[in-house]
Amino acid sequence: MKGNQNNLFQADLVNEALKQSFIKLNPSKMFRNPVMFMVWIGTLVMAGVCVWIALGEKDQGSLIYNIIVTAVLFITLLFANFAEGIAEARGKAQADSLRKTREETPAKWIQPVGEIFNDEITIVPSSQLKKGDVFLCEPGDIIPSDGEIIEGLATIDESAITGESAPVIRESGGDKSSVTGGTKVLSDRIKVKVTTEPGESFLDKMIALVEGASRQKTPNEIALTILLAGFTLVFIIVTVTLKPFGDYAHTPITIAAFISLFVCLIPTTIGGLLSAIGIAGMDRALRANVITKSGKAVETAGDVDVLLLDKTGTITIGNRKATHFHIANGIDEKHFTKAVVLGSMADETPEGKSIIELAGIDPKTYEINNPEFINFTAETRSSGVDYDNIRIRKGASDSIKNLVENAGNSFPKETEEAVKTISSNGGTPLVVSENEKVLGVVELQDIIKPGIQERFERLRKMGIKTVMVTGDNPLTAKYIAEKAGVDDFIAEAKPEDKMNYIKKEQAEGRLVAMMGDGTNDAPALAQADVGVAMNSGTQAAKEAGNMVDLDNDPTKLIEIVEIGKQLLMTRGTLTTFSIANDVAKYFAIVPALFIASIPALQGLNIMNLHSPESAILSAVIFNAIIIPVLIPLALKGVAYKPIGASALLRRNLLIYGLGGVLIPFIGIKIIDLIVALFI
């Protein structure tokens, strides 16, 4: 799904956008954009003026001049429609690629018998599956519909949805049970319960969103549209009041001049690009493999003040690693190493494997007879192995301490000190014993992800507070938080703790974003202003959030915030540029209207334009061509840098405010020199 973002103008997309440029001239479509609707009305009026002149009217200038003005206004409309059309065409191209994964798929439907499901399988089209149905998937099968695994475990290829080739594991129970229609089972056998009705699957919603069919204007976009409509009304009044001034100065002003002035003064640049900016924002999110349920979610992400991030998998690598052995006094190092390696032989957890890795010895080196492996349980909180009357145990310090003391042995003081030191440093101590005698301690540490501190510093420069959420005790949580560089933490976090924290921040006027994947995350995801659910997570989490991350990357939240800020910044900078444009156009057209009757206005003709006609044509031509010139910027977005709001405002005013004033002066003058050659 990740496409080439640099190739904005592919031939097929341009052709589709050109068709849409004419289709969107429909007045019912133009009416939704008040700025461009007024240009549309102005173009119709000018077409009528051309007919009037052709019928013999002498006071409205030459027919050729009026036809050129009409043509330029018409091209302005086409350019504005093209901007929206190219943005929509990019979305539709992605929708078409998604449709290929949604093709009719045969499903192995398991027939229900009362409240249970038997093993009788019927092959049915995927379109016939209803919410609550159960189907079977085996190696090589395409998953026919969204659902949750209710039995089994499987390796799944999600590349059709995410674009990533690495397979993932999904299993029943827990927070990795969700599967998406269109993905492929590579190994094992699973039973899946359908969680959506026909036509409401994840892919269906994605297609509707990227096509723009369900895209609604965001609150910020609506507010800006109202502001632009207000500007348009103001300039209608300004333009109309020029008529009595012209009559007083005995200066005839043509209809072409009035309409040209009006079109040049209203913010046509941002009016023409506004929809394209909104569509491109959602498109950028999709290219980052994030599905947004509305444009509002992307926009809100740009204003987020607080980010809630899980410790495991986001801030830390996700699996604790053995980093050091603390051997008890009087214990031989080789003896401890043998005990800890044998005690970890059957430990398939990443922690167990890291212990053997740290020891650097293959367990097969040691020959033992008839080993009986003791699995870890929540009750014993320890694991190990029994062989040849030797009992090796490895587990939580309090658990091993009880085991040792109940056997009448003492718990070494140096081991107790090591346990305290490891805990205070944010680690997890595992005490190792042999025949109820302590041999030493294995230190496990959460490994902070490389570069995560820099990312948090980047967020801090944006003015965003980062909060780590963890189930660890406060001491460990504090250590990890300080090491990672987060601003705050929630230790021993329960679902209600997350939601209460979000409510507290929102009550103080802040916008909060969080990411989650489990059913227990659903309340907090629903409460957060921006809730990002993992695609691999439960259906409850995906329904509660307003975004879904297809990559299941816990750090994606940071990228989403930057996409949101880029959207808001792009809209703001182009609005600034558009309004600043009006200054140069004013100095081009107003002196041209009155210079004949009021020679003193020659001082305002600072561009020294050739004639009133060339001045007006140059202004309207520049007003038209600036829209397609800015389309790449609207689609790609303004480059975002994590600096403070005030510094960002100064930078944008300098670049786009001052640039918006100066560029039209240069552009209009160059166009005037060319136009003068033909007038």
Side-chain angles (χ1 to χ4, degrees), residues 35 39 42 46 60-62 64-73 75-76 79 231 234-235 238-239 241-243 245-246 249 251-273 573-630 633 653-679:
V35 175
V39 178
M46 282 306 303
Q60 294 299 324
S62 70
I64 297 297
Y65 166 73
N66 279 273
I67 288 174
I68 293 173
V69 170
T70 306
V72 172
L73 294 181
I75 291 169
T76 304
F79 282 157
F231 270 117
V234 168
F235 287 121
V238 169
T239 307
T241 54
L242 282 180
K243 174 62 176 169
F245 281 113
T251 302
I253 303 175
T254 63
I255 294 173
F258 276 123
I259 290 177
S260 298
L261 176 64
F262 172 66
V263 168
C264 287
L265 289 183
I266 62 175
T268 49
T269 307
I270 185 63
L273 296 172
T573 50
L574 289 180
T575 301
T576 303
F577 184 88
S578 178
I579 294 171
N581 262 227
D582 294 341
V583 176
K585 298 169 194 171
Y586 183 87
F587 278 99
I589 295 179
V590 172
L593 295 179
F594 294 99
I595 205 164
S597 54
I598 310 175
L601 287 177
Q602 180 63 39
L604 292 178
N605 186 18
I606 57 178
M607 287 179 278
N608 195 27
L609 301 178
H610 179 263
S611 67
E613 289 80 9
S614 72
I616 291 170
L617 279 178
S618 300
V620 292
I621 291 171
F622 177 85
N623 191 64
I625 63 174
I626 196 63
I627 294 175
V629 168
L630 291 174
L633 185 62
L653 285 176
L654 180 65
I655 297 174
Y656 295 95
L658 186 60
V661 172
L662 296 179
I663 290 174
F665 276 98
I666 298 168
I668 289 172
K669 179 60 182 175
I670 292 172
I671 294 169
D672 178 73
L673 292 173
I674 297 170
V675 168
L677 298 174
F678 299 96
I679 293 182

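These values consider heavy atoms only, across backbone and side chains, with no hydrogens, waters or symmetry-generated copies.
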Original post:
Could you state the interatomic distance from CZ (Phe258) to CD1 (Ile253), rounded to the nearest 0.5 Å?
Top reply: 4.0 Å
**OP:** Over all heavy atoms of both residues, which pair between Leu677 and Leu673 is shortest? Give the atoms and the distance, please.
**Re:** CG-O, 3.4 Å
**OP:** Could you tell me the separation between the CD1 atom of Ile270 and the CZ atom of Phe231, rounded to the nearest 0.5 Å?
**Re:** 11.5 Å
Subject >> Minimal non-hydrogen separation, Ile255 against Gln60, with atom names >> reply: N-OE1, 2.8 Å
Original post:
With a 4.5 Å heavy-atom cut-off, do Phe245 and Thr251 have their side chains touching?
Top reply: no
Subject >> Leu617 CG to Ile668 CD1 distance, which is reported to the nearest 0.5 Å >> reply: 12.0 Å
Original post:
What is the distance from atom OG of Ser614 to atom CD1 of Ile674, rounded to the nearest 0.5 Å?
Top reply: 12.0 Å
Original post:
Side chains of Lys669 and Ile666: closer than 4.5 Å at any heavy-atom pair?
Top reply: no
**OP:** Indicate yes or no for a side-chain donor-acceptor contact from Thr239 to the backbone of Phe235 under 3.5 Å, with no hydrogens or angles considered.
**Re:** yes
Subject >> Check: Phe622 and Ile663 side chains under 4.5 Å, non-hydrogen atoms >> reply: yes
**OP:** Over all heavy atoms of both residues, which pair between Thr269 and Ser578 is shortest? Give the atoms and the distance, please.
**Re:** CB-OG, 3.4 Å
Original post:
Which heavy atom in Ser260 sits nearest to a heavy atom in Ile589, and how many Å separate them?
Top reply: O-CD1, 3.9 Å
**OP:** Drop me the distance from Leu261's CG to Ile266's CD1, to the nearest 0.5 angstrom.
**Re:** 10.5 Å
**OP:** Using a 4.5 Å cut-off on heavy atoms from C-beta on, say whether the side chain of Asn623 contacts that of Thr76.
**Re:** yes
Original post:
Would you say Asn581's side chain and Phe577's backbone share a donor-acceptor pair under 3.5 angstrom?
Top reply: yes
Subject >> Flag side-chain contact, heavy atom, 4.5 Å: Asn66 against Thr254 >> reply: no
Original post:
When Leu73 is tested against each of Val263, Ile68, Thr268 for side chain to side chain contact (heavy atoms under 4.5 Å, CB included), which residue passes?
Top reply: Val263
**OP:** Mind listing the closest non-hydrogen atom pair of Pro664 and Gly659 along with its distance?
**Re:** CD-O, 4.0 Å
Original post:
Under a 4.5 Å cut-off applied to non-hydrogen side-chain atoms, are Leu609 and Ser618 in contact?
Top reply: no
**OP:** Could you check if a side-chain atom of Leu273 sits within less than 4.5 angstrom of a side-chain atom of Leu633, using non-hydrogen atoms only?
**Re:** no
Original post:
Are any non-hydrogen side-chain atoms of Asp672 and Met607 less than 4.5 angstrom apart?
Top reply: no
